Amino acid sequence: MKLYSISFSVYSIISIFTLMIYGALPAIMAKDGIAPQEIGLLYLTMIPFMLSFFYSGLVEGWRKKNAKNFKILCLSLGLVSTVSFLALGAFASPQDIGIMCAVFMAMCLLGACAIISLNAIAITQTSADKKVSLNTIMLLASGVGGILGIIVALIVYENFGFSVACFVMAFFVALLCVPFVRMSANGQYGNLRGVNSEISPTNSAKIATNATNYAIDSTPSKDSLHFKDSCHSKDSILQTLKSLSLWGWLGFFCLCMLPIALANTTSTMLLVYIGFSLDVVGIVSGVINCVAMFVGAPLAYLLIRIFGFHPAFIALLCFCVAVFELLLVNMWLWQNHALILLGLAGVGVYMCALCVFMYSLGMRVCESSEQSGVDFSFLRSAENACFVIGGVIASQILGIFIAQDTIEALSKGEGHSHHSREIDFGSAGLGSGDSSTASTESSLSGFSEALADFSEVLARSGIEVSVANGYFALFCASLVFGLIALAITACNKKIA
């Protein structure tokens, strides 16, 4: 199905720059000794995704005016992203936070518009059984974007610098634009036969009426069309905002996403703070996230097929609670680096599997709506808002616990192995742990050296006092939200 290849390219491109924002750039800046509060500004570039609901009506109105507009939107996303990476490589550096924020915000705006239209097409042009498959492909595409935006970006940066890393990202984005060039412009991309076979006579009559109205409305002047689209956009947004049911689903999705948002947005910073070089951070973080996507998405698909939606969702949330309990207890008692990586891998698996559940459930909720694109954008704003707000809040929490001189020491490779065993949020910090020697400061030039560094840091236990305090607080909050989401899911049979 053509929609599969288009979705793969859209999500791969968007994942390249969004996972650079969440993964590669925070690690680079942490290594450069930049404070978490300043790094948190990067997450604000995701605001276009967070606010996409409020302009989703305009985007959908523009797309429906002409069948070619979706193709134009996809090509614009690829072109602007390619040119933006080339511009960053030519004129910017990791210290130019203002420039990077402006450029990434422009990419995020186009990415949000593309996702609005893509989701609307997926809802209306795919059958129910194809929606789970499509969402699984979207998550696998995000894994590909993660490989490029985290692993490749950090390895290239460490060995060749920021400019070359941006040029490499521009090359891959341009390569992913090939399906956009080859896609048809007739506006039909999905499994329409599967959809039509499931449409009831009532819905069929509605579709026929809407088609007739659309044909009639297409005759007025351009000014009249612009006025009608503007009014329709406002009416669509107001209609969605008045729906108490959609607000309930939005709150539930936020509860499910907040554990990930608090933990994942600062995970690469944690890897830097415990002593990994950027080469290793790129490999470890990228592999954790990408393998999690390749495991989590198919696993969610299989669980739904075998056990049904509701039991599989409960099992996933139980897994989430178990992962954060592991991270919390480890941070309290052992601070073992291997368990930290295992826990972060578990968070990644939960995130990818959750997206399959959330997107499929959200599409089912919006299936009967005449403004499915707007309604689904509203539900998707839960994910975007959680990552933007959660990332900013998490970085501010860490900034409260971790002093600037500690950050500078950690970025230079000092203080990575404080063998503490108990949490104390008072002035005494994390108990009376012994301190070991500073980790190696030399840059790794080959795979064998990176592997040796990885093995050395992985075998250690202990984290700097204030760092452990900060991440203990984050994991504790994540566990609370996970427990609330699990309780609601277990008691609500409508989640199916």
Side-chain angles (χ1 to χ4, degrees), residues 10-29 34-59 62 72-119 142 145-146 148-150 153 157 162-163 165-167 169-170 172-174 176-177 257 261 264-266 268 377-378 380-396:
V10 169
Y11 272 83
S12 293
I13 291 173
I14 293 173
S15 296
I16 287 175
F17 59 76
T18 54
L19 288 175
M20 277 196 72
I21 294 171
Y22 283 122
L25 291 175
I28 292 171
M29 293 179 175
I34 299 176
Q37 294 95 324
E38 294 184 49
I39 298 175
L41 295 176
L42 282 174
Y43 306 131
L44 296 178
T45 62
M46 303 290 288
I47 284 179
F49 287 105
M50 175 180 169
L51 302 179
S52 59
F53 160 70
F54 293 101
Y55 53 86
S56 58
L58 292 173
V59 174
W62 177 79
I72 293 173
L73 181 57
C74 292
L75 287 171
S76 300
L77 170 65
L79 178 62
V80 171
S81 299
T82 302
V83 173
S84 296
F85 276 121
L86 291 174
L88 285 175
F91 304 110
S93 69
Q95 288 74 31
D96 297 324
I97 297 180
I99 295 176
M100 285 196 295
C101 285
V103 171
F104 279 114
M105 187 170 288
M107 287 191 276
C108 288
L109 178 60
L110 276 172
C113 293
I115 287 181
I116 290 170
S117 295
L118 179 61
N119 287 333
S142 299
L148 299 174
I150 299 178
Y157 169 81
F162 184 75
S163 295
C166 290
F167 294 151
M169 294 301 104
F172 284 115
V173 169
L176 287 165
C177 291
M257 289 299 303
N264 249 22
T265 52
T266 55
T268 54
S377 295
F378 178 70
R380 279 291 302 269
S381 65
E383 172 194 356
N384 302 322
C386 284
F387 272 101
V388 174
I389 298 173
V392 173
I393 291 176
S395 61
Q396 298 302 313

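For clarity, every value in this text was computed on a predicted model and none was experimentally measured. When reading the values below, keep in mind they use all heavy atoms of this one structure, side chains included, and skip hydrogens, waters and symmetry mates.
- For the residue pair C74 and V10, the shortest heavy atom distance occurs at SG-CG2, 4.2 Å.
- Looking only at distances, a side-chain donor or acceptor of S395 sits under 3.5 Å from a matching main-chain atom of V392.
- Counting all heavy atoms, side chain and backbone alike, T266 lies closest to A394 at CG2-CB, 3.9 Å.
- Applying the side-chain hydrogen bond (donor to acceptor under 3.5 Å, both in side chains) test to Y11 and every residue at least two apart in sequence or in another chain returns R380.
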Does Y55 form a side chain to side chain contact (heavy atoms under 4.5 Å, CB included) with S377? I'd like the steps, not just the answer. CA-CA 9 Å; Y55 53 86; S377 295; over 6 Å; no
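- With sequence neighbours left out, Y22 forms a ring-ring contact (aromatic ring centres under 6.0 Å, His included) with Y43, F387.
- In this structure, the side-chain contact (heavy atoms from CB on, under 4.5 Å) partners of L110, at least two apart in sequence or on a different chain, are L73, S76, L77, V80.
- Counting heavy atoms from C-beta on, the side chains of L25 and P94 never come closer than 4.5 Å.
- From I28, atom CD1 reaches atom CE of M20 across 6.0 Å, with rounding to the nearest 0.5 Å.
- Under the side-chain contact (heavy atoms from CB on, under 4.5 Å) criterion, I99 pairs with L88, A92, D96, V103, not counting sequence neighbours.
- Among all heavy-atom pairs drawn from S163 and G89, the shortest one is OG-O, 2.6 Å.
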Working for side chain to side chain contact (heavy atoms under 4.5 Å, CB included), residues M29 and M100: CA-CA 12 Å; M29 293 179 175; M100 285 196 295; 3.2 Å; yes
Go through L79 and L75 one step at a time and tell me if the side chain to side chain contact (heavy atoms under 4.5 Å, CB included) criterion holds. CA-CA 6 Å; L79 178 62; L75 287 171; over 6 Å; no
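- In this structure, CZ on F172 lies 11.5 Å from OG on S12, to the nearest 0.5 angstrom.
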With a cut-off of 3.5 Å and sequence neighbours excluded, list every side-chain donor-acceptor pair involving residues 44-53.
from: T45; atom 1: OG1; to: L42; atom 2: O; distance (Å): 2.6
from: S52; atom 1: OG; to: F49; atom 2: O; distance (Å): 2.9

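- Atom CG of L176 sits about 5.0 Å away from atom CD1 of I13, to the nearest 0.5 Å.
- With sequence neighbours left out, the side-chain contact (heavy atoms from CB on, under 4.5 Å) criterion links A27 to L154, T268, V272, L278, V281.
- A 4.5 Å side-chain heavy-atom check between F17 and M169 finds every atom pair outside the cut-off.
- Residues that satisfy the side-chain hydrogen bond (donor to acceptor under 3.5 Å, both in side chains) test with S15, not counting sequence neighbours, are S142.
- The minimum heavy-atom distance between L41 and C101, with the atom names listed, is O-SG, 3.8 Å.
- When the side-chain contact (heavy atoms from CB on, under 4.5 Å) test is applied to T82, the partners found at least two apart in sequence or on another chain are L86, A170, V173, A174.
- Taking each heavy atom of I14 and T18 in turn, the nearest pair found is O-OG1, 2.7 Å.
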